[in-house]
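One structure is given below, encoded as structure tokens.
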Amino acid sequence: MARAGILYSHVAAAAAGLAADNRNPTVDTVREALGGTGSKSTIAPMLKRWKEEHQQAPAPATPGVPPSLLQAVKGVYESIKTDFQQNLDVEKLAHAAGLEQLADELQQSRAQRAVLEQRVKVLETELDSAITTIAQAHQANHLLTVDLAGARSEQDGLRQRLGDRASEVVSLNAQLTQARAQFDHYHEATAAQRAEERQGFEQRAALVDRELVTLRQQLLHHKGQAAQLAGQLSQAGTENARLHQAAEAAHSEAARARTESERAAFQVAALSAQLDNLQTRHDAMQAELSDSKIALAVRARESEIAASRLAIADSVAHAGAQEKQALMRQLTVLETELRQERALKVQWNGKSD
């Protein structure tokens, strides 16, 4: 393409001037006539074109036409032709410049389109990542919800167990109170019975002792009267035997009372052991109740932590949803810009065609 400083009109005017001076228009003479500007490779095709057009020019007028008039007509023709060619060259240069500008704009549009496509891919990747994050957040939310429900169910179970344990403690306390009352009543009854039996035994023993003293006195009194009371001796022996039987019966009654006392002592010991067992069970129930309260407090704390995690997961899910909406809006804007770029490209392609 010729430089903007050398036009076809310049070359044609120089060649016409040389031809008017009866000089052969060559590349060197034309370049000399142009003041030494322009390269030979630029001037040569323009000069060749001028020669072809000059050879196709209309035939000279009849010999009757004056040379000055013929030269004037040729000058007007060449001037019109030169102006037309100059305007045509300017239009071609403007068209070429417009094509170059459109090509540059098309290249820029393609680059922008590549950037936008890359950006769309990045946004799609970010959208997929956001969707994955939201899905993970929903899954974590679901797991936390399940854990919270399990914790609440376990907490309800612990509360129920605590209520049952409390009821059992109340029942055991009532049984312990009742057992203590029964033990006190039995102890009092046993003590009263022992006192009564001891008093009766002492009374019988005192009675026997008194009878023995009386018999001894009578025996000593009747020894002097042994001869006279020989008949009464047999009766006294019989009475003595009866008294011995009464003494033996008293001793048997004392042994029975001792046995009853030992049995009462054994029952007291058994009741004491039962009381100790109930006290041990009561202490164990109190310890288990304390452990249940501690476990319930731990479960309550875990429930609070799970609720806090659930709130955080909801916040993350809400933020992910907002980010997803923002990305969708950006994607919509980018798609609109991409459609506009495509429409502009179609228009440019139509103009180029």
Side-chain angles (χ1 to χ4, degrees), residues 126-196 259-327:
E126 293 178 354
L127 179 61
D128 294 336
S129 177
I131 291 173
T132 304
T133 303
I134 291 172
Q136 292 176 356
H138 281 299
Q139 185 177 3
N141 187 9
H142 177 68
L143 293 176
L144 288 174
T145 303
V146 173
D147 292 339
L148 181 60
R152 287 178 178 174
S153 178
E154 189 172 358
Q155 183 179 3
D156 294 336
L158 288 174
R159 287 179 178 175
Q160 183 66 30
R161 288 179 60 190
L162 182 61
D164 296 338
R165 294 299 183 186
S167 300
E168 291 180 1
V169 168
V170 172
S171 178
L172 288 175
N173 288 329
Q175 292 179 5
L176 181 61
T177 303
Q178 185 178 3
R180 286 178 178 174
Q182 290 178 356
F183 176 75
D184 293 338
H185 177 71
Y186 181 78
H187 184 71
E188 292 175 356
T190 304
Q193 186 177 1
R194 285 181 183 178
E196 292 176 357
T259 302
E260 289 290 335
S261 177
E262 291 175 354
R263 186 171 66 252
F266 178 77
Q267 291 179 355
V268 169
L271 287 174
S272 297
Q274 185 178 0
L275 181 62
D276 293 336
N277 188 16
L278 289 174
Q279 186 66 34
T280 303
R281 288 181 63 189
H282 180 267
D283 295 337
M285 291 299 294
Q286 289 290 340
E288 188 175 359
L289 180 61
S290 299
D291 294 337
S292 299
K293 290 181 178 179
I294 294 172
L296 182 60
V298 171
R299 289 297 180 183
R301 179 58 181 170
E302 290 178 352
S303 299
E304 293 177 358
I305 294 173
S308 178
R309 291 179 177 176
L310 181 61
I312 293 172
D314 290 335
S315 299
V316 171
H318 182 66
Q322 291 181 350
E323 185 177 0
K324 178 181 177 182
Q325 293 177 0
L327 290 174

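S308 contributes no side-chain N or O that, together with a main-chain N or O of E304, makes up a donor-acceptor pair within less than 3.5 Å. Remark: the backbone N or O of G163 is paired with a side-chain donor or acceptor of S167 at under 3.5 angstrom. Put simply, the side chain of T133 gets close to the backbone of S129: a donor and an acceptor are under 3.5 Å apart.
Among all heavy-atom pairs drawn from L327 and A130, the shortest one is CD1-CB, 4.4 Å. Contact between K324 and I131 at its shortest, heavy atoms only, is CE-CG1, 4.5 Å.
In this structure, CG in L158 is found 11.5 Å from CG in D164, a value given to the nearest 0.5 Å. The CD1 atom of I134 lies 12.5 Å from the CG atom of N141; values are rounded to the nearest 0.5 Å. A distance of 8.5 Å separates CG of L148 from CG of L144, quoted to the nearest 0.5 Å. Atom CD of Q286 sits about 11.5 Å away from atom CG of D291, to the nearest 0.5 Å. Here CZ of R152 is found 9.0 Å from OG1 of T145. Values are rounded to the nearest 0.5 Å. Interatomic distance, Q155 CD to E302 CD, rounded to the nearest 0.5 Å: 10.0 Å.
Between K293 and R165, the closest side-chain pair of non-hydrogen atoms is not below 4.5 Å.
Checked options T177, N173, L172; the residue passing with Q175 is L172 (criterion: side-chain contact (heavy atoms from CB on, under 4.5 Å)).
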